[in-house]
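Accompanying notes for the structure given below.
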Amino acid sequence: MASKTLDTDVPSANPSGKTFLGHPRGLATLFMTEMWERFSYYGMRALLIYYLVSGGADAAIGSQGGGLAMKATTATAIYSVYVSMVYLMAYPGGWFGDRVWGARKTVAIAGFVIMSGHIALAVPGQAAFFFGLLLVALGSGLLKANISTMVGQLYNGPEDPRRDGGFTVFYMSINLGAFVAPFVIGTIGKEYNWHLGFGLAAVGMAVGLTQFLLGSRHLNPVSSEVPNPLVPEERKRLLAKAGLTLLGVAVFYGAVVGLGLYTLNWVLVPLTVAGLLIPVTVLTRIKRDKDLTTDEQSKMSAYIWFFAAAAIFWMIYDQGGSTLSLFADKKTADNLFGFGFSATWYQSLNPLFVMAFAPVFAWLWLWLSRRDKEPNTIVKFSIGLVLVGVSFFVFIIPMTMADNGTLVSPLWLVSIYLIQTIGELCLSPVGLSVTTKMAPRKYASQMMGVWFLAVTAGDCTTSLLSLAGVSLNGTGIIAMQASLAALAGFAIFTYRKKVQALMGDVH
């Protein structure tokens, strides 16, 4: 229950003067907004791959029909492009918050766009489906960077002792929403009616948006300000460029459709290539910036190692919602100890394991640090990569067992998701931290978006393989990816002294 705030609060940062678990009351507003947004996002994502293949040859026997009846390779490509675009949009999303609408207005608009996307998904038909995916990706990108910014604005600067705890509470909202969604949206959507499931995702986002609008009075008024607004000349130039770009795209695709050449690959291939080229272009532009000091240049050289490692990690990790999900539906028993369940429930394992083990890892690193034995950033990255590789080596075992039509135990997938989550806890929080530490001063606010581009690059690599006709459900390609991750982990560990030298004073 909210109570009067502590005297240490600054009224402008906490205008209502109330607290939530000892934190500014605005944290409750942002907690609930993020929880419901993640509920809608992960609920829909749990359904996505199944809806795409439902009714086709790659659907599980006896599964609900009414989907888009696509092949597994095409479905995996669409899934991967969608996830990559969500993270790609986080980069311009932060820019809109900084230069156009301000964080608070951007999040409100993002919530409405996401809700509209889920409503479109709830409408039967392929056109409405892809339009809905586009809206959800755009909205998620707009929301992702700006809501985190508002969490930071609730506190009295970086030195506020409650700040780290506030972000920990906020982080729990992500995993809480992600944990519950597959049980509700996933079960209803997959087992009963796809579009009802998508509709429930829209309801979840509507609840989150409503409480955000009602509770925004508890946020720091700074969240309504535009930190670096566009000047009129800039706005005109950007609108002109955007208009010309949209016109060019419309003319090009109009010609493709008019000539009868259009297929889905005319969209998927350009998006995949863009998802690979944009991260490379952004990193190259920053690395070549002559305004960077020698020390900043060196740190960016080291950062490229971490970026490439993260891309390989996410390439495997994000297949938990595609390759592993298809295996769960077709080749894994749908009951354990006599208790039946939907294949979408596997998507709750990662957030469950994160909530269970994140405090353990936080304690472990602190315990090791006090004994001067904590692994440095490079070693933690190496462990994360090796573990995600190990998870796919383990995956080969149930894949081989299922070749003769045997339905394998669900515990195989549980173990795979557990190994991947432990790898995530070694790599993801460390990656976020090292990104802020190694960011050049000139690009301090942009580098978090650069970190998310590693997810984009990894998922677009998966998409590219699928578009090339490579089935990611074969033991050969799974073994190749596992070997790549393990070798990358060992390579970083082997060259750790060289990378550490490039990092300078960052450890």
Side-chain angles (χ1 to χ4, degrees), residues 34 37 41 80-103 105-107 109-111 113-114 117 133-152 174 226-230 234-235 237-239 241-242 245-246 249 270-289 292 300 303-304 306-311 313-315 318 428 431-463:
E34 182 72 2
E37 188 273 330
Y41 173 77
S80 300
V81 166
Y82 165 69
V83 175
S84 71
M85 289 301 108
V86 168
Y87 286 92
L88 178 62
M89 288 299 106
Y91 193 71
W95 180 88
F96 268 92
D98 285 341
R99 308 215 62 190
V100 183
W101 292 321
K105 185 176 181 180
T106 303
V107 168
I109 292 172
V113 172
I114 293 169
L133 279 189
L134 173 64
L135 290 179
V136 175
L138 288 173
S140 298
L142 285 172
L143 186 140
K144 184 171 287 291
N146 290 288
I147 196 166
S148 298
T149 297
M150 287 193 290
V151 173
I174 298 172
V226 181
N228 183 24
L230 290 171
E234 285 181 298
R235 188 181 296 271
R237 285 198 302 269
L238 285 170
L239 287 174
K241 289 180 180 179
T245 300
L246 289 174
V249 169
L271 287 176
T272 299
V273 173
L276 291 171
L277 292 180
I278 290 173
V280 173
T281 302
V282 170
L283 279 174
T284 302
R285 179 174 60 84
I286 295 175
K287 181 71 176 67
R288 291 183 175 179
D289 192 330
L292 268 59
M300 282 305 301
Y303 187 76
I304 290 172
F306 293 114
F307 185 93
F313 178 89
W314 296 118
M315 176 186 72
D318 276 347
S428 185
L432 290 168
S433 177
V434 80
T435 297
T436 60
K437 292 176 181 177
M438 295 174 65
R441 180 181 294 273
K442 182 177 179 180
Y443 297 99
S445 61
Q446 297 182 41
M447 283 299 289
M448 198 57 68
V450 173
W451 169 251
F452 288 134
L453 289 180
V455 185
T456 297
D459 281 305
C460 281
T461 302
T462 303
S463 176

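Keep in mind that what you see is a predicted model, and the values were worked out from it rather than measured.
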Flag side-chain contact, heavy atom, 4.5 Å: [X] against [Y]:
X	Y	result
Val450	Thr435	no
Thr456	Ile278	no
Leu135	Ile114	no
Leu230	Trp95	yes
Met85	Asp459	no
Thr462	Asp318	no
Ile286	Pro440	yes

Value rounded to 0.5 Å, distance of [atom1] in [X] from [atom2] in [Y]:
X	Y	atom1	atom2	result
Tyr87	Tyr82	OH	OH	10.0 Å
Met89	Leu134	CE	CG	9.0 Å
Glu34	Ile147	CD	CD1	4.5 Å
Leu143	Leu138	CG	CG	12.5 Å
Tyr303	Lys437	OH	NZ	13.0 Å

Show the nearest heavy-atom pair for residues [X] and [Y], with the distance to one decimal.
X	Y	result
Trp451	Trp314	CZ2-NE1, 4.4 Å
Val226	Gly102	CG2-N, 3.6 Å
Ala103	Met150	CB-CG, 3.7 Å
Pro279	Phe307	CB-CZ, 3.7 Å
Ala439	Met447	CB-CG, 3.3 Å

- [ ] Given side chain to side chain contact (heavy atoms under 4.5 Å, CB included), test Leu292 with Lys287 step by step and report yes or no.
- [x] CA-CA 8 Å; Leu292 268 59; Lys287 181 71 176 67; over 6 Å; no
- [ ] Identify which one of Ser84, Ser463, Cys460 satisfies the side chain to side chain contact (heavy atoms under 4.5 Å, CB included) criterion when paired with Leu276.
- [x] Cys460
TODO: Give a yes or no on whether Arg288 atom CZ has more than 12 heavy-atom contacts from other residues, nucleotides or ligands under 6.0 Å away.
DONE: no
Using modelled atom types and a 3.5 Å cut-off, is there a donor and acceptor pairing between side-chain atoms of [X] and backbone atoms of [Y]?
X	Y	value
Asn146	Gly93	yes
Thr245	Lys241	yes
Ser140	Val86	no

TODO: Evaluate the criterion side chain to side chain contact (heavy atoms under 4.5 Å, CB included) for residue pair Leu283 and Met300; output intermediate values, then yes/no.
DONE: CA-CA 8 Å; Leu283 279 174; Met300 282 305 301; 4.1 Å; yes
